[in-house]
Structures are given as C-alpha cells and as structure tokens.
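Inspection log for the structure reproduced underneath, given as structure tokens.
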Number of protein chains: 2
Amino acid sequence: MNDSRYVSTAQVAEVLGVGVTTVKRWVDEGILPAHRTAGGHRKLLLADVLRLARQSNFPNQNLGPLFAAGHALVPAHVQDLEQALFVALERGDGDLVRSLIQGAYRRGVPVDDLADGVIAPAMQRIGHDWETGKIDVFHEHRGSQLCVAALHELIGLVSSSAAGRRPLALGGAPEKDPYVLTSLLAELVLRQDGWQVVNLGPNTPLASLRKAVNELKPRLLWLTVSYLEDADTFLTEYRQLYQESDRLGVPVAVGGRALTDSLRARMPYTTYGDGMAHLSAFARTLSPGKRRPPRGRPTKQSNG
Amino acid sequence: MNDSRYVSTAQVAEVLGVGVTTVKRWVDEGILPAHRTAGGHRKLLLADVLRLARQSNFPNQNLGPLFAAGHALVPAHVQDLEQALFVALERGDGDLVRSLIQGAYRRGVPVDDLADGVIAPAMQRIGHDWETGKIDVFHEHRGSQLCVAALHELIGLVSSSAAGRRPLALGGAPEKDPYVLTSLLAELVLRQDGWQVVNLGPNTPLASLRKAVNELKPRLLWLTVSYLEDADTFLTEYRQLYQESDRLGVPVAVGGRALTDSLRARMPYTTYGDGMAHLSAFARTLSPGKRRPPRGRPTKQSNG
DNA sequence: GACAGAATCGTCTAAATCGACTGTTTAATT
DNA sequence: AATTAAACAGTCGATTTAGACGATTCTGTC
C-alpha cells in the first residue's frame, strides 16, 4: 500500500518547479531528508517538503499537487475527505478547498465519488448549518463560491481535447432553482466521461430547455432539481419537455433532492438517479466510446 | 501544454524587454515577488510577472514566449474583440470564448478594459437580444455559463503568490440580484491588482454582508447591483450596511446598472463607479503603495 | 549644454540546474 | 504468481543561473 505520508521525487519536483535531478541531489546532499525503500527509491516525508517550501516563500496555491499524494489534510477515505472539505469551506480557505478537490482527483478518486461522496455532502452540511442558524448566510455563499471556482478548475482539468466528435449532453436546473453546484457536478462527470456538454445552469425555464433540445439535438438531456417553487406548473412544463425529447429520441435523466417519491411517480423519464454515479453510469450506456484503462500501473490523471 | 507556473529570470527578462540583471535586482529589491531554490536560483510566479507587466508601461513587452500555445486569432482592438466574443457567446462556442478572453489577456489587454469594454458589453448585447426576442433564454444562459467558466479560469491565472499579507476585499451582489458576472468581474480586477478577495456572489442579503464585514474586517467592500426588486428596502438595509462599514473604517465601493441617478442620490458611499476601471483605480488608492519599477530602458534590445 | 545621480546593460567565473540515457523497482491487473 | 507499463535511480554532459564588476544610457536640474 502507498503510505500516504510519503511523496516521490517527481511530485516534489513538479510542485517546487525544479527538475527531478535537482530533488534527487538535494536529498543526497541532506537538504531534504528522505527514506529509501528496499529497492532504493527515495520516499520523502511530506512535512519535510512543506517545511522547505515555507522556508523558500512558496505560494500556497502551487502546493496543490502535493496534497494529491495524501497529506494528513487529504485523508485517504472519502468520509474523512468530506469532513476536511466541510471544514475548509466553512472557514473560507480557498487554497485548501482547491487543494483538497484537485488532490483527490489526482490521487485517483473517481469524479462521481468526488461529487456524490465529498462535494455534495459537504455543501449539504453547510446548507444545514445555515438553516439551523449555526452559521450565517455569507458563510454558505462564500463556501459555495469557493466550490464553484474549484469545480470550474477541475472541469478544465478533466475536459479532454476536442479530438473527434463527442456526443453532446444538454442540461441544467429548472426555473427558481438557484443552485449552481448540482448542474456543475453533472457537467463535471459527463465531461469526465468524454461528453461534450452544454450546461445552461440554474434557473432555466423548462420551455426554454425544450427549445434548446430542439435546436441542439443532444444525445442526452439531464435535469437537476434542487428546489421547486410550484410542483404543479413544473410538472406541466416538464411533461411537455419530456414529450418533445421523447419525440426526438433524446433520453432524459432527472435527479435532485427536490424530486420526492410522490412527485417522481407523476413524472415520465428515461432514468432517475440519486447522484452523479447514476448519471455517469447511464451516460456510459449511451456513449459508445467507453475506454478502459490500460494495464499495469494506473495512469496518472494528468491531462494535456 | 507548458503549464509550469514558474518562470526564470531570463524568461522574465526577455518577456519584459529588460536585461537579466535588472530582473535580478527587482527581485532583490522586492519589486517582483519570488522564491529561491535551495541553490539560490530565483523562481518567479507567472501571475506576478504579468501583473508587473501591466502595472507599468514597458517599452517592449512581448508576452508571447510565455504562452507557447498557439491560439485563435484575437482581434487587436477591443471593439472587434467584443464583437468576436459576442458571436462566440451567441453561438455557444466555448473553446472560442476561452481563447478570446485568455488570448486578449495574454496579449496585454488590461483586465479592466477586458471587463468594461469586452465582456460586459458582449453579455449586455446578449441580454438585449434576449429581451427583444431575437434569441431564446437558453442562448443567454449558455453564454453566461461560458463566460463564467472562462472568467474562473482567468482568475486562476491572475491570482498572485500568497507571499506577504495582501489586503482583503469583500463584496457581492444584493438579494434578488441573480447576476454572477458582475461580482466575478470585480473579483477578477481586484485579484489582478494583488488583492485577496472574498466574493460572496449574487443574491447576498445585505444584512449578511454586514455580518461578513464585521467578521472579516476587510480593507474594502464592494457591491455590484445589476437588479433591484425593491429599492426602498434595499436603501434601508444598505444604509445600515454603510453605517457599519463606516464605523469600522471600511470604504464602500458601489456600482452596477441598477443604481440609477435618483437612487444613488439617496445613498451614502465612499465611491461610485461605472465600471471595473473605476473600482480598480479606487482600490489602488487603498492598496499599500507597491513599489513600481522605474522607467525601462526603451532602446537597444539586441544582445550578442 | 553640462552635470550628477540613478537605472540599466553586458560580461565574466563558479555553481546550480537541466535533460537524456539505461537498467531497476514498483504496483495494478490477469 | 506471472505480466506489464509506468515511474524511479543513477550517471554524465550541456545548459542556465547567481553574483559582482565596470561601462553605458536615461532623467532631471542647473
């Protein structure tokens, strides 16, 4: 198992902006303490690297990839990660939020796990603390903004180059639903799966979404509903949207915590999902290009 | 993609059109932030170099070498750029939007010009086309989302190193104002100017903003008002916010197209601005006088 | 126009860093 | 346990940088 306290020379080199050779020499000269494996590989203690970084006046935001290897602050398990993210969001520590999310991704945490098991629960707890008066609204807003920024950055990381024609997914959140995060998470997982995504964002009238389906002819339509003002008008408009999509052969994936069982029973849809893992799995059945990871050591998720 | 955020003194010298010796001296004098390797080599953060390049007028700044990636053709004049961005936004061409915005920044277009002369007008035209029925809501939403994504990416580019304590700016948009873009543009220009920014985003109750001022003790409070539901209640709450800020010695900068002349006449504020250029200029009067490099040497660029 | 001060430039050597090479180690998959 | 591809170690030459020095050029003033 990879002991999460240790990092490799290459990781240190990338973060510190120097060559691998330099890091090796520093270790040999005693500037950086390190342990060696039985085979001779250098294993650097994260704390030592961080100490050197502080001494050299490093910008915090560039230390993100280092946390990817697993720091005490970036736990190995998703529950601990969620807890850490929650704290970082509540404190408003933007650098830490970025480090945690990016680090988890680079360490190999699947994006749907990241969405369903880390980001969504953390923001839900923030929202709960706000509703119960434990924190002020501005704490929630600040955390949400930090999350959005980190997600946009992550989306930029996972988006593959536009090689070949990728299937198009269209989606958003309905009118009066102000939550940007859920549609952003949907965009994230779909992009990770190789889709081309048009995210109309929150507060999108369903009638307008219907026009978009007509014009863009997507291969998939998703709808995340976190908040509903009027269920009846929503149902009416949604049925029209579904009818149109069905006519065009566009599958409709719905989700979101505002869709109660009773409400869902009155809705037609192609698939319903509790989280992004469902959406991702469903999308994969539609997209033919399901690439399997190569053998051997898993590829580092760096993208060009 | 050469995504190394660090650059060497020689690269900086070439880009800024000055000698290597000068760059070294600037770093030693604290004009340019940098950290040193264990061997003493200076490592500069790209964002810091770019900010310096914009703050002072260099004889020949050729930002090209720092960005190897060949981008789409970026028009030279802001009007053409705005037109190109408008078309890209309306078409939903996300890659083009990113290229235009980032390309303009890299070409040396100041961020306040980018905000006031390109992004804001383009989105305003999109909004106008939507109101007049020329395009559908989803076009507007799609364009807005693309803009937000591109801006978040740009913010990541301009954010500087955390070395030293930077002044804190706090801000957002009031309740019922759903526009994310204006507060995002404010965050962009402030970050470009070296501020640390807490952006509470749209739809922030002013009472909550008041609590945030109390808790965070910022050096500057900004408020962008693009839409107002009820001017009277806004005024009441705003006056309380201003009173509290004034008591704490926090200057208040307001702006946004919802603040009409008559409304503004009834508001106290430290400064009002039509655009981000005003905000940036005002913020610079507050920011501790950062040492600026003396005049560059305009002639003789050839080297042996 | 001449002067003084300041800022910049190019050049030098020692030192630090980089990149490429080959053989070895690691760890996930079968 | 065997397989396999990625990542690492060790080495060496090529390149780059730091630091210091004097010469050059710019700016403002008399």
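Reminder, nothing fancy here: chain letters follow the sequence lines and each chain counts from 1. As the structure is a computational prediction, the values presented were derived from the model and not from experiment. Quick note: numbers below take in every heavy atom, side chains included, and nothing from hydrogens, waters or symmetry partners.
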Under 3.5 Å, which donor-acceptor pairs link side chains of residues 17-25 of chain A to any protein atom two or more places apart or in another chain?
from	atom 1	to	atom 2	distance (Å)
A/T22	OG1	A/R25	NH2	3.4

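For A/T21, the listed nucleotide lying nearest its side chain is C/dA20; candidates were D/dA18, C/dA20, D/dC21. The side chain of A/H41 sits closest to D/dA9 out of D/dA9, D/dT17, C/dC18.
With sequence neighbours excluded, the residues that form a side-chain contact (heavy atoms from CB on, under 4.5 Å) with A/Q55 are A/R51, A/L52. Partners of B/D274 by salt bridge (Lys or Arg N to Asp or Glu O under 4.0 Å), not counting sequence neighbours: none found. Evaluation of the ring pair (Phe, Tyr, Trp, His ring centres under 6.0 Å) rule for B/H152 yields A/H152 as partners, not counting sequence neighbours. A/E82 pairs by the side chain to side chain donor-acceptor pair (under 3.5 Å) definition with A/R125, not counting sequence neighbours. Residues passing the salt bridge (Lys or Arg N to Asp or Glu O under 4.0 Å) test with A/R257, sequence neighbours excluded: none. Residues passing the side chain to side chain donor-acceptor pair (under 3.5 Å) test with B/Q192, sequence neighbours excluded: none.
At its two ends the helix from C/dG1-D/dC30 to C/dT30-D/dA1 runs along axes set 50° apart, each axis drawn from five pairs and the angle rounded to 10°.
Residue-level contact check: B/K43 touches the backbone only, with heavy atoms under 4.0 Å from sugar-phosphate atoms and none from bases. In this structure, A/V20 reaches neither bases nor backbone, as no heavy-atom distance under 4.0 Å exists between it and the strands shown.
One atom, CD of B/E14, and another, P of C/dT8, lie 18 Å apart when rounded to the nearest Å. Taking atom CG on A/L16 and atom P on C/dA16, their separation rounds to 17 Å, with Å as the unit.
DNA chain C is contacted by both A/A38 and B/G19; B/G19 maps to the nucleotide lying nearer its 5′ end (nearest heavy atom per residue).
Taking every heavy atom of residues 23-32 of chain A and every atom of DNA chain D, pairs under 4.0 Å involve A/K24, by number.
The side chain of B/T37 places an N or O atom within less than 4.0 Å of a non-bridging phosphate oxygen (OP1 or OP2) of C/dT17. Contact annotation: A/R36 side-chain N/O to C/dT24 OP1/OP2 distance is not under 4.0 Å. Between B/R42 and D/dG19 there is a side-chain polar atom (N or O) within less than 4.0 angstrom of OP1 or OP2. Applying the 4.0 Å criterion to OP1 and OP2 of D/dT16, one finds that B/S8 has every side-chain N and O outside that range. Here A/T9 does not reach the OP1 or OP2 of D/dC8: none of its side-chain N or O atoms lies under 4.0 Å away.
With rounding to the nearest 0.5 Å, the separation of CG in B/L190 from CG in B/L286 is 10.0 Å.
Side-chain N or O atoms of B/S280 include none that pairs as donor or acceptor with a backbone N or O of B/M276 at under 3.5 Å.
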